[in-house]
Amino acid sequence: MSAAATTAGTRVGPAIVDRSWFDRPSLEVAQELVGKRLVHASAEGIVAGRIVETEAYAGPEDRAAHSSRGKTPRNAVMFGPPGHLYVYFVYGMHNCVNVVCGPGNKPEAVLIRAVTIDEGEDLARTRRRVSASVTDRLAAGPGNVAAAFGIDRSLNGADLLGGPVYLGDGSRPPRVVARPRIGVAYAGEWAGLPWRFLVADDSHVSRR
DNA sequence: CTTATGATTAGA
DNA sequence: CTAATCATAAGA
């Protein structure tokens, strides 16, 4: 019985409960994560949806990755075992949701950049008591994903196996395209690598 | 302690 | 294009 099956009457699918699924290079996981489901069984209710955009951040050699500056209190979770959440705060206002990958304790992670929410309420909207319209169901941009799912740094390090936040099964879209990552211009030769993956034809998945 | 800057976003 | 806005890490 999967973790999700305990939530009766929802469309939440079976959870990914195998840690080895995460125990791989982020480049692999990032591509397979497109089409999978992100689920947060929060105190304010279930929020779930389909991941439509991700970015891979490799180990210390990837100058765009936080782990390239060595282990610090902020990025320590990246250096731990795979299958955990890495949540960090940037630009003085945004939380970003990442999945720690492997192999082993290699400090790699995948940033979740956009999700189409198909179950539960966008928590950022719930708190503002504004009903979400159909077109508003897309949480585009990592800051918006975190807000919509009610994920902040208190969940940094949370286990994706058996925790309130987990990944659900889902079919991979027929067409996934690769693009350069966003906001990593400083990363030299690593800046141009097509390590951002998004659903094709969903061009307004992210702003840029 | 001070300082620079960022895996961003909204708005002009 | 720029302002907003502050945690983080490095340096003094």
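Here is how names work: the chains are called A, B, and so on, in the same order as the sequence lines, proteins then strands, and each is numbered from 1.
The A:R153 side chain lies nearest to C:dA7 when the options are C:dA7, B:dT9, B:dA7. Nearest nucleotide to the A:M93 side chain, out of C:dA9, C:dA4, B:dT8: C:dA4. Among the nucleotides B:dT8, C:dA4, C:dC6, the one closest to the side chain of A:R113 is B:dT8. Nearest nucleotide to the A:H94 side chain, out of B:dT9, C:dA9, B:dA7: B:dT9. Comparing B:dA7, B:dT9, C:dA7 against the side chain of A:L111 picks out B:dA7 as the nearest.
A salt bridge is absent between A:R172 and A:E32: the closest approach of a Lys/Arg side-chain nitrogen to an acidic carboxylate oxygen does not fall below 4.0 angstrom. The pair A:E55-A:R179 does not meet the salt-bridge criterion, since no charged nitrogen lies less than 4.0 angstrom from a carboxylate oxygen. A salt bridge does not link A:D23 to A:K106: none of the charged side-chain nitrogens sits closer than 4.0 Å to a carboxylate oxygen.
For A:Y88 and C:dC6, the OH to C1' distance is 15 Å, given to the nearest whole Å. Rounded to an integer number of Å, the gap from A:I112 CD1 to B:dT8 P is 15 Å. Atom NZ in A:K71 sits roughly 17 Å away from atom C1' in C:dT8 (whole-Å rounding). Atom CZ of A:R63 is separated from atom P of B:dG6 by 11 Å (rounded to the nearest Å). B:dA7 atom P lies 19 Å from atom CZ of A:F197, rounded to whole Å. Atoms OH (A:Y86) and P (B:dA7) sit 9 Å apart, rounded to a whole Å. Atom CG in A:D152 sits roughly 17 Å away from atom C1' in B:dT8 (whole-Å rounding). Atom pair A:N95:CG and C:dT8:C1' shows a separation of 14 Å (rounding to whole Å applied).
The residue among A:Y186 and A:N144 whose nearest nucleotide of DNA chain B lies closer to the 5′ end is A:Y186.
When heavy atoms are screened at a 4.0 angstrom cut-off, A:F89 is found touching the sugar-phosphate backbone but no base atom. The residue A:R74 sits close only to the backbone: its heavy atoms come under 4.0 Å of sugar-phosphate atoms, none of a base.
At distances below 3.5 Å, at least one donor-acceptor pair connects side-chain atoms of A:R137 with backbone N or O atoms of A:I117.
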Inset, instruction - Mind running ring pair (Phe, Tyr, Trp, His ring centres under 6.0 Å) on A:H66 and A:Y88 for me, showing each step along the way? - result: CA-CA 10 Å; A:H66 286 175; A:Y88 65 90; 4.5 Å; yes
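Paired runs in DNA chain B that reach 3 or more consecutive Watson-Crick or G-U pairs, where each pair keeps both distances under 3.5 Å, cover B:1-6 with C:6-11, B:8-11 with C:1-4.
Residues A:H40 and A:Y166 have side chains that never bring a donor and an acceptor to within less than 3.5 angstrom of each other.
Residue side chain A:Y91 does not reach the base of C:dA7 through any donor-acceptor N/O pair under 3.5 Å, judged by distance alone.
Note on A:V77 and A:F79: same hydrophobic cluster, where clusters join Ile, Leu, Val, Met, Phe, Trp and Tyr whose side-chain heavy atoms are under 4.5 Å apart, directly or indirectly.
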